[in-house]
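Contents: one structure, followed by commentary.
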Amino acid sequence: MRTINKGFYLCILVFFLSNNPSSVFAQELFKAQPQNDTRWFSFENIHGEKGKGGMENQGAKGHPDNSLPSGSSITLLETEGSGIINRIWLTIRDRSPQMLRSLKIEMFWDGSEIPAVSVPLGDFFGVGLGKKVPFENHLFSDPEGRSFNCFIPMPFKDGAKITITNESEVGLSQIFYDINIVKTETWEKDNLYFHAYWNRELETELGKDFKLLPKVQGEGRYLGTNIGIIANPDYLDTWWGEGEVKMFLDGDGEVPTLVGSGTEDYIGSAWKQEIFTNQFQGCLISDINSGEYAFYRYHIPDPIMFHKDIEVTIQQIGGGGKEQILELISNGANLIPISVTDIKPNGYRKFSKLLELENVPKVGDSDFPEGWINYYRQD
């Protein structure tokens, strides 16, 4: 993994298949649960053992935190048996973009040597572009811009393990955490394991959709995505977010079953996007001067289920007026016009699908349609 330094990239955290909320989490608060036991894992009780918390320094705050030298790993949770992780809290002394990208969090279920989660720490907790800002949504929170909270329930049948690795060239002086779990006696056969996928391209490929989630096979639920983008300055201040999110489900070929109408539309906004935080959708960073944006969408009230396979992509499409696009072309920007929308004062709308024309005119030609031009771009 590289530390964040320069260039253009999309950083993606995608949750594919979380879990089916069991009785532990769909519980009525006034119901007793004699079959379940609560455990907290922290440096004060690293094994989450009964009656063994806070034993160092005669119980007087003997081990609240640890250091994490460069190149080293630390195990935050390792437990056997059946249970559900219901909360992860964590904070670190160095919360720079470089450190948030260089710390790797990994999660393993049921003794597997292959991690179900292996992503940069900041991105996992919904921190876009490594820049921490206060926020709260249904799955994550950062109350004051200094901590990380995750409330995604994660069931395991035979055991669970969570590690943090410092892949930076500098040591981390302090890391604090606690992971709260419920140990259960039984495993519900319809429980689903939690997975996360992360991907970055320093520059996307012109005309090719970016993969939020490459094709995975199996049965599950797509929980959502956190997306970060640094807009390519070659396109000046033209809008970058015309791309549509597509979801290919259960054997779809070249054409998806689910498709949106634009990037800001996907997160429930419209006509570009500013900063907002809602429970299931939001934009944490929106800076036209630096071209930095970070946003999220969680499909909790609108579940995305798949039974055989799933693939999720987002198009790299921008938009601007004709004079703007001509300026970009004159400057040597790499782009491909794909459509033109012309709206008259009386409300009449003409939509020209340039890629369906046999002979596509150039933007500067007299027969090129007037109006808002959508175009493929690279960010």
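Side-chain atoms are counted along with the backbone in the values below, which use heavy atoms only and exclude waters and symmetry mates.
- Residue Leu212 is not grouped with residue Val259 when hydrophobic side chains (ILVMFWY) are merged at heavy-atom distances under 4.5 angstrom, including chains of intermediate members.
- Leu223 places a side-chain heavy atom less than 4.5 Å from the side chain of Leu139.
- Within a 6.0 Å radius of NE2 in His47, other residues, nucleotides and ligands contribute 12 heavy atoms or fewer.
- In terms of modelled atom types and a separation under 3.5 Å, the side chain of Asp142 and the main chain of Arg146 share a donor-acceptor contact.
- Contact check for Leu354 versus Ile336: no side-chain heavy atoms found under the 4.5 Å cut-off.
- Using a 4.0 Å cut-off between charged nitrogen and carboxylate oxygen, Arg297 and Asp302 count as a salt-bridge pair.
- In terms of modelled atom types and a separation under 3.5 Å, the side chain of Ser168 and the main chain of Met99 share no donor-acceptor contact.
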Begin with the C-alpha distance, continue with both residues' side-chain angles, and end with the deciding distance and a verdict on side chain to side chain donor-acceptor pair (under 3.5 Å) for Ser112 and Asp110. CA-CA 6 Å; Ser112 174; Asp110 297 353; over 6 Å; no

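- Here the side chains of Gln324 and Leu236 are not in contact, with every heavy-atom distance at 4.5 Å or above.
- In this structure, Thr341 OG1 and Lys353 NZ are separated by 11.0 Å, a value rounded to the nearest 0.5 Å.
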Evaluate Glu219 against Met305 for side chain to side chain contact (heavy atoms under 4.5 Å, CB included), listing each step before the verdict. CA-CA 8 Å; Glu219 180 180 11; Met305 312 304 297; over 6 Å; no

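- Tested against Tyr177, the residues Trp40, Phe148, Trp89, Phe43 include a single ring-ring contact (aromatic ring centres under 6.0 Å, His included) partner, Phe43.
- In this structure, CG in Asn374 is found 11.5 Å from CH2 in Trp239, a value given to the nearest 0.5 Å.
- Residue Arg87 qualifies as enclosed at atom CZ: its count of foreign heavy atoms under 6.0 Å is above 12.
- Considering only heavy atoms from C-beta on, His299 comes within 4.5 Å of Met247 through its side chain.
- For the pair Ile105 and Leu90, the minimum side-chain heavy-atom distance is 4.5 Å or more.
- Partner of Gln378 under the side chain to side chain donor-acceptor pair (under 3.5 Å) criterion, chosen from Asp234, Thr204, Asn334: Asn334.
- When each of Asn226, Leu284, Thr263 is checked for a side chain to side chain contact (heavy atoms under 4.5 Å, CB included) with Phe295, only Thr263 meets the rule.
- Linking Ile, Leu, Val, Met, Phe, Trp and Tyr whenever their side-chain heavy atoms come within less than 4.5 Å leaves Tyr293 and Ile275 in two separate clusters.
- Formation of a donor-acceptor pair under 3.5 Å by the Glu44 side chain with backbone atoms of His63 is found in this model.
- Within the 4.5 Å cutoff, the side chain of Phe124 has no heavy atoms near those of the Glu106 side chain.
- Counting heavy atoms of neighbouring residues, nucleotides and ligands inside a 6.0 Å radius, atom CD of Glu49 exceeds 12 of them.
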Under the ring-ring contact (aromatic ring centres under 6.0 Å, His included) criterion, do Tyr296 and Phe140 qualify, and how do the steps go? CA-CA 11 Å; Tyr296 61 89; Phe140 300 95; 8.6 Å; no

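- Proximity of a side-chain donor or acceptor of Lys246 to a complementary backbone N or O of Glu311 within less than 3.5 Å is not detected.
- Other residues, nucleotides and ligands contribute more than 12 heavy atoms inside 6.0 Å of the CG atom of Leu357.
- A heavy-atom distance below 4.5 Å is not found between the side chains of Glu185 and Ser82.
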Full working for side chain to side chain contact (heavy atoms under 4.5 Å, CB included) between Leu77 and Ile85: CA-CA 10 Å; Leu77 168 74; Ile85 297 169; 3.6 Å; yes

Carefully, step by step, assess Met107 and Leu76 under the rule side chain to side chain contact (heavy atoms under 4.5 Å, CB included). CA-CA 10 Å; Met107 302 183 185; Leu76 304 185; over 6 Å; no

For the pair Val312 and Ile304, evaluate side chain to side chain contact (heavy atoms under 4.5 Å, CB included) and give the outcome as yes or no after the intermediate values. CA-CA 11 Å; Val312 185; Ile304 306 295; over 6 Å; no

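- The closest side-chain heavy-atom distance from Tyr197 to Val216 is not below 4.5 Å.
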